[in-house]
Amino acid sequence: YSWKSSPIPKDEADLDFGFLGKGSRTGTDRAEGVLSPQGPNYVGTVDAVVVSTQQLPSLTGSCGPARYEDSQKLKVTGR
């Protein structure tokens, strides 16, 4: 069984750090991999990729906006 997620066109999150202020994140999260049947489950490894832009406040101003890109391999068990 091959599985590929569809990138979310616009993924947004609002961050609230109380008295420190508020921030935001926009971007896409994607995963792609192959899952094989193993008993009642599907098991495999997927490649996850995150591309986002974040902006966070600080007591002396604002950090960002900054672009963030990262990837990792994840072991997955689907039921």
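Keep in mind that what you see is a predicted model, and the values were worked out from it rather than measured. Residues: numbered from 1 along the sequence shown.
- Rounding to the nearest 0.5 Å gives a distance of 12.5 Å between CD of Glu32 and OG of Ser71.
- Residues Val43 and Val34 fall into different hydrophobic clusters, defined by Ile, Leu, Val, Met, Phe, Trp and Tyr side chains chained together at heavy-atom separations under 4.5 Å.
- Val49 and Val46 end up in different hydrophobic clusters when Ile, Leu, Val, Met, Phe, Trp and Tyr side chains are linked at under 4.5 Å.
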Assess the residue pair Leu74 and Thr45 against the criterion (side chain to side chain contact (heavy atoms under 4.5 Å, CB included)); give the C-alpha distance rounded to whole Å, side-chain angles, the decisive distance to 0.1 Å, and a yes or no. CA-CA 5 Å; Leu74 303 171; Thr45 303; over 6 Å; no
Kindly determine whether Val50 and Tyr68 satisfy side chain to side chain contact (heavy atoms under 4.5 Å, CB included), including the steps that lead there. CA-CA 8 Å; Val50 174; Tyr68 172 79; 4.3 Å; yes
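- Taking CD from Gln38 and OG1 from Thr77, the interatomic distance works out to 7.5 Å, rounded to the nearest 0.5 Å.
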Output, in order, the C-alpha distance, side-chain angles, deciding distance and verdict of side chain to side chain contact (heavy atoms under 4.5 Å, CB included) for Arg67 and Val51. CA-CA 7 Å; Arg67 184 176 167 91; Val51 179; 3.3 Å; yes
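- Heavy-atom minimum distance, Gln55 versus Pro65: OE1-CD, 4.0 Å.
- Rounding to the nearest 0.5 Å places OG of Ser24 at 7.5 Å from CG of Leu56.
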